[in-house]
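Take a look at the structure set out below.
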Amino acid sequence: MTELLMRESRFISDQQFKQIRDWLYERSGIHLNATKKSLVTGRLYKRLTELDLADFDAYLQLLRNPLQSKEAELALNLLTTNETYFFREPKHFDFLHSLIAQGELNKRVRVWSAAASTGEEAFSIALALASQFGLQEPWQVIGTDINTRVLQQARSAVYPLPDSQKIDPALLKAFCVKGVGKDEGWFRIRPQVRQHVQFQQHNLMQPLLVAQKFDLIFLRNVLIYFELEDKKRIVLNMLEALKPGGFLLVGHSESIHGYDPRLVQQRPACYRYMP
């Protein structure tokens, strides 16, 4: 590839961006506005060079090829945003503890972390439940995400040591292990906690088929990436997996007021499903 072609391939036209945006929407329901054009360029250009492709048209052709599902999965991973940390938005965990104190949730509680990313939210929930019910009870946390790369990291349950600063020291001591030797600078969630947590790939635009419905669903800081009608569809999918009387939590910067009359607000960003 000549130097000129290499320079030209770095740029994505409006039409190419639209086609990639449409492809992402078809695969995930995520909507990228025009301000994300440079983000798309930055995240996908490396794939063009690694595959020795002339431009984004060639890459689009690859994504549309049914035989290139691995590349499509990789592109989806690159284009989805995953920002999370332990015990993010502490008021939700205060609400969780209050539900347990009031007897709304018991040792058999099932919780869904619906946008689990690298697992910090799911394990924060697990640490909270472990502190309340212990490790011998049958409580369970399910974490899902559309991005297979972050799910792989979540399943490892290994995190940089600075990330532990958000975890209460008592929980850290009881349920986490600090790395030594070659693992120095990292910490791991103990296996006794991990056995209560499962991760799987899932597209929020589709219902999650479960044999047993959830008592509590965390759907936080993900609806902002969707258009209004798709947000409503996702919330409806959540309700299909939620027990009557169960609770749905969204991010404090998000609002689902008026989405469904069966949702009754308990606290800011905390709703009860009352069919």
Exercise. Please indicate whether Lys243 has more than 12 foreign heavy atoms, meaning atoms of other residues, nucleotides or ligands, lying under 6.0 Å from its NZ.
Key: yes

Quiz item: Taking it one step at a time, do Tyr225 and Leu32 satisfy side chain to side chain contact (heavy atoms under 4.5 Å, CB included)?
Solution: CA-CA 8 Å; Tyr225 300 107; Leu32 297 178; over 6 Å; no

Quiz prompt | Residue pair Tyr59 / Arg47, side-chain heavy-atom distance below 4.5 Å | solution = yes

Exercise. Drop me the distance from Leu219's CG to Ile256's CD1, to the nearest 0.5 angstrom.
Key: 7.5 Å

Quiz item: Quick one: are the ring centres of Phe95 and Phe247 less than 6.0 Å apart?
Solution: yes

Quiz item: With the 4.5 Å side-chain cut-off for hydrophobic clustering, are Tyr25 and Ile146 part of the same group?
Solution: no

Practice problem: State, with a plain yes or no, whether a side-chain heavy atom of Ile20 is found less than 4.5 Å away from one of Leu79. | Solution: yes

Practice problem: Test side chain to side chain contact (heavy atoms under 4.5 Å, CB included) on Asn221 and Ser253 and set out the steps. | Solution: CA-CA 7 Å; Asn221 306 301; Ser253 63; 4.0 Å; yes

Quiz item: Hey, any chance Phe187 and Val158 share a hydrophobic cluster, counting ILVMFWY side chains that come within less than 4.5 Å of each other, even indirectly?
Solution: no

Quiz item: Near Arg64 CZ, under 6.0 Å, is it more than 12 heavy atoms from other residues, nucleotides or ligands?
Solution: yes

Quiz item: NZ of Lys231 to OG of Ser255: how many Å apart, nearest 0.5 Å?
Solution: 9.0 Å

Quiz item: Once you round to the nearest 0.5 Å, how far does CG of Leu172 lie from CD of Gln165?
Solution: 10.5 Å

Quiz item: Taking atom types as modelled and ignoring hydrogens, do the side chains of Gln16 and Asp57 form a donor-acceptor contact shorter than 3.5 angstrom?
Solution: yes

Practice problem: Using atom types as modelled and distance alone, determine if a side-chain donor or acceptor of Glu227 lies under 3.5 Å from a backbone N or O of Glu229. | Solution: no

Quiz item: Between Val177 and Val197, is there a shared hydrophobic cluster once you connect ILVMFWY residues whose side-chain heavy atoms come closer than 4.5 Å?
Solution: no

Quiz item: Applying the 4.5 Å side-chain criterion to the ILVMFWY set and letting contacts propagate, would Val111 and Leu249 be lumped into a single cluster?
Solution: yes

Self-check item: Whether Phe93 and Phe218 hold their rings parallel, tilted or perpendicular, with breakpoints at 30° and 60°
Solution: tilted

Quiz item: Do the side-chain N and O atoms of Arg110 and Gln140 include a donor-acceptor pair separated by under 3.5 angstrom?
Solution: yes

Practice problem: State whether the side chain of Asn77 and the backbone N or O of Asn147 hold a donor-acceptor pair below 3.5 Å, judged by distance alone. | Solution: no

Quiz item: If you measure from the Lys or Arg side-chain nitrogens to the Asp or Glu carboxylate oxygens, is any gap between Glu121 and Arg220 under 4.0 Å?
Solution: yes

Quiz item: Under 6.0 Å from the six-membered ring centre of Tyr85 and within 45° of its axis: does the NZ or CZ of Lys166 meet both?
Solution: yes

Exercise. Taking the side chain as every heavy atom from C-beta outward, state whether Val250 and Tyr271 have any pair of such atoms under 4.5 Å apart.
Key: yes

Practice problem: Give, for atom OG of Ser113 and atom CZ of Phe199, the distance between the pair rounded to the nearest 0.5 Å. | Solution: 7.0 Å

Practice problem: State whether a side-chain donor-acceptor pair under 3.5 Å links Gln200 with Thr144. | Solution: no

Practice problem: Could you give me the CA-CA distance, side-chain angles and deciding distance for Glu73 and Arg27, then say whether salt bridge (Lys or Arg N to Asp or Glu O under 4.0 Å) is met? | Solution: CA-CA 10 Å; Glu73 180 179 295; Arg27 293 293 296 253; over 6 Å; no

Quiz prompt | salt bridge (charged side-chain N to carboxylate O under 4.0 Å, His left out) against Arg88, all qualifying residues, sequence neighbours excluded | solution = none

Practice problem: Check whether any side-chain heavy atom of Leu63 sits under 4.5 Å from a side-chain heavy atom of Glu71, and report yes or no. | Solution: yes

Quiz item: Does a donor on one side chain and an acceptor on the other come within less than 3.5 Å for His97 and Gln132?
Solution: yes

Practice problem: Would you please say whether a donor-acceptor pair under 3.5 Å links the side chains of Asp145 and Ser117? | Solution: no

Practice problem: Could you check if a side-chain atom of Val210 sits within less than 4.5 angstrom of a side-chain atom of Ile142, using non-hydrogen atoms only? | Solution: no

Self-check item: Residue pair Tyr273 / Met238, side-chain heavy-atom distance below 4.5 Å
Solution: no

Exercise. Please step through salt bridge (Lys or Arg N to Asp or Glu O under 4.0 Å) for the pair Lys37 and Asp14, ending with a clear verdict.
Key: CA-CA 8 Å; Lys37 185 177 175 180; Asp14 290 342; 2.6 Å; yes

Quiz item: Does a sphere of radius 6.0 Å around CD in Gln136 hold more than 12 heavy atoms from other residues, nucleotides or ligands, not counting ones at 6.0 Å or beyond?
Solution: no

Exercise. Going by the side-chain contact (heavy atoms from CB on, under 4.5 Å) test, name the single residue among Leu99, Val109, Asn106 that passes it with Asp215.
Key: Val109

Quiz item: Got more than 12 heavy atoms from elsewhere within 6.0 Å of CD, Gln152?
Solution: no

Practice problem: State, to 0.1 Å, how close Pro244 and Pro275 come at their nearest heavy-atom pair, and which atoms those are. | Solution: CB-CG, 3.7 Å

Practice problem: Check the pair Asp55 / Ile12 against side chain to side chain contact (heavy atoms under 4.5 Å, CB included), numbers first and verdict last. | Solution: CA-CA 8 Å; Asp55 52 30; Ile12 185 171; over 6 Å; no

Self-check item: Heavy atoms from other residues, nucleotides or ligands near CD of Gln61 exceed 12 (cutoff 6.0 Å)
Solution: no

Exercise. Specify the closest pair of heavy atoms between Thr118 and Tyr159, including all atoms of both residues, with the distance to one decimal.
Key: O-OH, 2.7 Å

Quiz prompt | Polar side-chain atom of Arg194 near backbone of Ile189 as donor-acceptor pair, under 3.5 Å | solution = yes

Exercise. Return the orientation label for the His252 and His92 ring planes: parallel under 30°, perpendicular over 60°, tilted otherwise.
Key: parallel

Quiz item: Are Leu105 and Val193 co-members of a hydrophobic cluster defined by side-chain heavy atoms under 4.5 Å apart?
Solution: yes

Quiz item: Which residues pass the salt bridge (charged side-chain N to carboxylate O under 4.0 Å, His left out) test with Asp260, sequence neighbours left out?
Solution: Arg262

Quiz prompt | Where at least one partner belongs to residues 131-157, residue pairs that pass ring pair (Phe, Tyr, Trp, His ring centres under 6.0 Å), sequence neighbours excluded | solution = Trp139-His196

Practice problem: Please check if the side chain of Asn237 supplies one atom and the backbone of Met205 the other of a donor-acceptor pair under 3.5 Å. | Solution: yes

Exercise. Measure from the side-chain N and O atoms of Arg272 to the backbone N and O of Gly245, and report whether any donor-acceptor pair falls under 3.5 Å.
Key: yes

Practice problem: Work out which heavy atom in Ile234 is nearest to a heavy atom in Leu204; give both atom names and the distance. | Solution: CG1-O, 3.6 Å

Exercise. Mind listing the closest non-hydrogen atom pair of Glu254 and Val222 along with its distance?
Key: OE2-N, 3.0 Å

Quiz item: Can you tell if the side chain of Ser164 reaches within under 4.5 Å of the side chain of Lys178, non-hydrogen atoms only?
Solution: no

Quiz prompt | Heavy-atom closest contact (Lys213 atom, Leu242 atom, distance) | solution = CD-O, 3.8 Å

Practice problem: Would you indicate whether the side-chain heavy atoms of Glu240 and Leu208 approach each other to under 4.5 Å? | Solution: no

Quiz item: Rounded to the nearest 0.5 Å, how far does CG of Asp94 lie from CD of Glu89?
Solution: 12.0 Å

Quiz item: Can any side-chain N or O of Arg155 pair as donor or acceptor with the backbone N or O of Gln198 at less than 3.5 Å?
Solution: no

Quiz item: From Leu76 CG over to Arg149 CZ, what is the distance, rounded to the nearest 0.5 angstrom?
Solution: 10.5 Å

Practice problem: Please name the pair of heavy atoms, one in Ala114 and one in Trp112, separated by the smallest distance, quoted to 0.1 Å. | Solution: CA-NE1, 3.3 Å

